[in-house]
Amino acid sequence: MKFFKIALISLIAIFFIACNEEKKEDNFGLRTGDLFDESSIVADPTNYSTDVAGTSVKIKRAFENAPPMIPHDTEGMLPITIDNNQCVTCHDPMIAESMGATALPKSHFTDFREGVKIDNKGNLIRDGKNIDSSELKTIVKPLDHLSNARFNCSACHAPQSDNENVPKNNFTTEFRSVDLNDKSNLIDVVGEGVR
């Protein structure tokens, strides 16, 4: 019983000391200064590339099948709308090579969605029966047009800002094949690890 009382008093004392200690949020990670005060924080200016499309240098992919970053100026190209997608004017596979652009991969011309319906309560319906999301099947249905799910290029691809205050990155990219930095093989490996 005596040991229990001493342990309890010790825990209460540690808790009291910890709660009354001075805040130590002045320096956390890359941030120097009070984390609760934004008045002196000035972000680096955003410096997007001004290289004209076709004259820029490709940015290495962050990992295999990563959506490549946009290395050229996008002024006047964004936002992408149902009536205006200027990306496909150069990146369509039929003309990409002649434009010096990276061609859209086969995965962008593929429907991976199972044809289920969603009722007004948000339930998934297949063949008139409710199904659980775990019962969805991966399908690979080639299309003769750009998939609606891939139409908004800027949902995955983004221009990059050239900033000076960038954290050091020790990550090293490893590709299964040397040409995978320049192209995607997602259509060939989409089912890996899903079975």
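Computed from heavy atoms alone, side chains included, the values below leave out hydrogens, waters and symmetry copies.
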| task | For the residue pair Asn170 and Thr172, confirm or rule out a side-chain donor-acceptor distance under 3.5 Å. | result | no

| field | Derivation and outcome, side-chain contact (heavy atoms from CB on, under 4.5 Å), residues Asp73 and Asp51 | value | CA-CA 6 Å; Asp73 190 5; Asp51 293 343; over 6 Å; no

| request: Nearest 0.5 Å please: distance from the NZ atom of Lys129 over to the CG atom of Leu124. | output: 15.5 Å

| task | Provide the closest heavy-atom pair for Asp132 versus Ser134 in the form atom of the first, atom of the second, distance. | result | OD2-OG, 2.6 Å

| query | To the nearest 0.5 Å, how far apart are CD1 in Ile187 and CZ in Phe112? | reply | 4.0 Å

| said: Measuring from atom CD of Glu174 to atom CD of Glu64, what distance do you get when rounded to the nearest 0.5 angstrom? | reply: 10.5 Å

| Once you round to the nearest 0.5 Å, how far does NZ of Lys117 lie from CG of Asn123? | 15.0 Å

| field | Cluster overlap Val190 with Leu104, hydrophobic side-chain contacts below 4.5 Å | value | no

| query | Counting only heavy atoms not in Asp162, do more than 12 sit closer than 6.0 Å to its CG atom? | reply | no

| query | Counting N and O atoms only, with roles assigned by atom type, does the side chain of Thr110 sit under 3.5 Å from a partner on the main chain of Lys106, one being a donor and the other an acceptor? | reply | yes

| query | Same hydrophobic cluster for Leu146 and Ile82, using side-chain heavy-atom links shorter than 4.5 Å among ILVMFWY? | reply | no

| note | Correct closest heavy-atom pair for Ser154 and Ile80 would be N-CD1, 3.8 Å

| task | Given side-chain contact (heavy atoms from CB on, under 4.5 Å), test Asp188 with Asn185 step by step and report yes or no. | result | CA-CA 5 Å; Asp188 301 323; Asn185 72 337; 4.0 Å; yes

| message | Measuring only between side-chain heavy atoms, which start at C-beta, is Pro93 closer than 4.5 Å to Phe109? | response | yes

| task | Provide the closest heavy-atom pair for Ala149 versus Arg113 in the form atom of the first, atom of the second, distance. | result | CB-NH2, 3.4 Å

| Is the backbone N or O of Asn47 less than 3.5 Å from a side-chain atom of Ser161, with the two atoms forming a donor-acceptor pair by type? | yes

| request: Please answer whether the main-chain N or O of Asn65 pairs with a side-chain N or O of Ser184 as donor and acceptor at a distance below 3.5 Å. | output: no

| message | Taking Ala53's backbone N and O only, do any of them form a donor-acceptor pair with Ser56's side chain (distance below 3.5 Å, no angle check)? | response | no

| Out of curiosity, Cys87 SG to His157 NE2, how far, rounded to the nearest 0.5 Å? | 8.5 Å

| request: Check the pair Lys60 / Phe175 against side-chain contact (heavy atoms from CB on, under 4.5 Å), numbers first and verdict last. | output: CA-CA 11 Å; Lys60 289 189 174 216; Phe175 297 104; over 6 Å; no

| task | May I ask you to say whether Arg176 pairs ionically with Glu192, meaning some side-chain N is under 4.0 Å from a carboxylate O? | result | yes

| said: If I compare all heavy atoms of Met77 with all of His72, which pair ends up nearest, and what's the gap? | reply: SD-CE1, 3.9 Å

| query | Would a hydrophobic clustering, with Ile, Leu, Val, Met, Phe, Trp and Tyr connected at side-chain separations under 4.5 Å, put Val88 with Phe151? | reply | yes

| query | Got a sec: does the CZ of Arg126 have more than 12 other heavy atoms crowding it under 6.0 Å? | reply | yes

| side chain to side chain donor-acceptor pair (under 3.5 Å) pairs, two or more places apart, involving residues 79-91 | none

| CD/Glu114 to CD1/Ile131 distance, rounded to the nearest 0.5 angstrom? | 5.5 Å

| For the residue pair Pro45 and Asn163, what are the closest heavy atoms and their distance? | O-ND2, 3.2 Å

| task | Assess whether atom CG of Asp119 is packed by more than 12 heavy atoms of other residues, nucleotides or ligands within 6.0 Å. | result | yes

| Exercise: identify the closest heavy-atom pair between Arg61 and Thr173 | O-OG1, 3.8 Å

